[in-house]
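Residue numbers start from 1 in every chain, and the chains themselves are labelled A, B, ... in the order their sequence lines are given, proteins ahead of strands. Remember, predicted model here, so these are calculated numbers, not experimental data. Values below: all heavy atoms of this structure, side chains included; hydrogens, waters and symmetry mates excluded.
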Protein chains: 4
Amino acid sequence: MKKNQKSCITRLKKIEGQVRGLQKMIEEDAYCVDIITQTSAVRSALKSLENVMLESHLQSCVIGQVKSGQEDKAVSEILKVYKLKR
Amino acid sequence: MKKNQKSCITRLKKIEGQVRGLQKMIEEDAYCVDIITQTSAVRSALKSLENVMLESHLQSCVIGQVKSGQEDKAVSEILKVYKLKR
Amino acid sequence: MKKNQKSCITRLKKIEGQVRGLQKMIEEDAYCVDIITQTSAVRSALKSLENVMLESHLQSCVIGQVKSGQEDKAVSEILKVYKLKR
Amino acid sequence: MKKNQKSCITRLKKIEGQVRGLQKMIEEDAYCVDIITQTSAVRSALKSLENVMLESHLQSCVIGQVKSGQEDKAVSEILKVYKLKR
């Protein structure tokens, strides 16, 4: 879990750098299509991070919840995550 | 255009803050579902920015391209943006 | 479950009608933007159906799987569904 | 254009068949994950059709609109299509 945490923070630091790169692109009047391509890449990086978080959530929290009688909480939270804007 | 640029940078600074907030959430072992909800909010903020960028691209670059005979470039770039991972 | 099944079939019959409506729109040379708006509506209807199916999958199959030691199958299938093209 | 129209109708007839296939899967109590995988495939087929429609819209209607002074209509409709639920 700790290893997973570290890897998530590394990903987020990279994403933070990409967001600062986007600010620079706009300041330097980069071509709109290149900026949109780059914001879309940042969204993909966030989506990958979400996949990792969800996998770890399912493997740890959800299984524990189902085994301890908290099925309703487990199910409604997975559905919530599934319906989040994509 | 300059005004638009300034507003995009303000949005990106806010997004940068949100990404740092996510790092803190992970360091402090926040609940996975709350983290995923927050990364999804950051993706929505990036998507809104893309809508603004695309609108400005269509209103300025694309119309200029079509009027100066660069229709093919204009069309293929709009399709490229449209197909970017969502 | 039977009631759920019936409601899913009703939804699919409506979707089938919408798909036939789209064929008619194209034959009658409807405006492209109107056709795209309508195909998008059909995709939303399919997405809603998927939400219903997923909810029922989580409430029945997944909980049974976790309780009978098939956690790995349960987790990998939820991730598979989550990553399906949206 | 006529050739394009014919190919779109062929795609829609295939999609209609897939939707009927889904009804059968539900009637025969297929596994939920298989049904969701299949509805997702139908949504992808609809999305591909939208890409074709949008390309033809940009190449014909939009260029004509921009050249005849209807830029505002052209831009707002492309944005509308871009923001449609995905």
Side-chain angles (χ1 to χ4, degrees), chain A residues 1-12 14-15 18-19 32-33 35-86, chain C residues 1-12 14-15 18-19 32-33 35-86:
Chain A
M1 195 59 187
K2 279 294 156 188
K3 198 185 136 199
N4 200 2
Q5 210 180 28
K6 219 170 162 178
S7 125
C8 287
I9 290 179
T10 308
R11 280 166 184 255
L12 281 167
K14 201 187 148 201
I15 290 169
Q18 288 175 308
V19 173
C32 335
V33 174
I35 298 174
I36 296 175
T37 306
Q38 184 57 18
T39 54
S40 167
V42 179
R43 284 192 294 113
S44 291
L46 285 162
K47 198 83 191 62
S48 294
L49 181 66
E50 278 172 51
N51 290 344
V52 171
M53 298 293 313
L54 179 61
E55 186 163 5
S56 119
H57 174 61
L58 294 171
Q59 278 164 346
S60 50
C61 316
V62 168
I63 290 176
Q65 286 163 350
V66 172
K67 290 192 172 165
S68 67
Q70 291 182 286
E71 290 100 334
D72 288 355
K73 181 181 160 71
V75 167
S76 73
E77 286 182 348
I78 296 173
L79 283 173
K80 185 189 159 191
V81 164
Y82 182 73
K83 289 178 187 172
L84 282 175
K85 199 178 176 172
R86 283 149 219 296
Chain C
M1 195 62 186
K2 279 294 157 190
K3 198 184 138 198
N4 200 4
Q5 209 181 27
K6 218 170 164 179
S7 125
C8 287
I9 290 178
T10 309
R11 280 167 183 254
L12 281 166
K14 200 186 148 200
I15 290 170
Q18 288 175 308
V19 174
C32 333
V33 174
I35 298 173
I36 296 174
T37 306
Q38 184 58 17
T39 54
S40 167
V42 179
R43 284 192 294 114
S44 293
L46 284 162
K47 197 85 191 62
S48 295
L49 181 66
E50 278 171 52
N51 290 344
V52 171
M53 298 293 311
L54 179 61
E55 185 162 7
S56 117
H57 174 62
L58 294 171
Q59 278 164 347
S60 49
C61 315
V62 168
I63 290 177
Q65 287 162 348
V66 172
K67 291 193 172 165
S68 67
Q70 293 182 285
E71 289 99 335
D72 289 354
K73 182 180 158 72
V75 167
S76 74
E77 286 182 348
I78 296 173
L79 283 173
K80 184 188 159 193
V81 164
Y82 182 73
K83 290 179 186 171
L84 282 175
K85 198 175 176 175
R86 280 150 221 299

Subject >> Student check: side-chain heavy atoms of C:V75 and A:V62 closer than 4.5 Å >> reply: no

Subject >> By salt bridge (Lys or Arg N to Asp or Glu O under 4.0 Å) - contacts of A:E55 (at least two apart) >> reply: none

Original post:
Which pair of non-hydrogen atoms, one from C:V66 and one from A:K67, has the smallest distance, and what is that distance?
Top reply: O-CE, 3.8 Å

Original post:
Does the side-chain contact (heavy atoms from CB on, under 4.5 Å) test come out yes or no for A:L79 and C:N51, once each step is laid out?
Top reply: CA-CA 8 Å; A:L79 283 173; C:N51 290 344; 5.7 Å; no

Subject >> Distance (rounded to the nearest 0.5 Å) between C:I78 CD1 and A:H57 NE2 >> reply: 9.0 Å

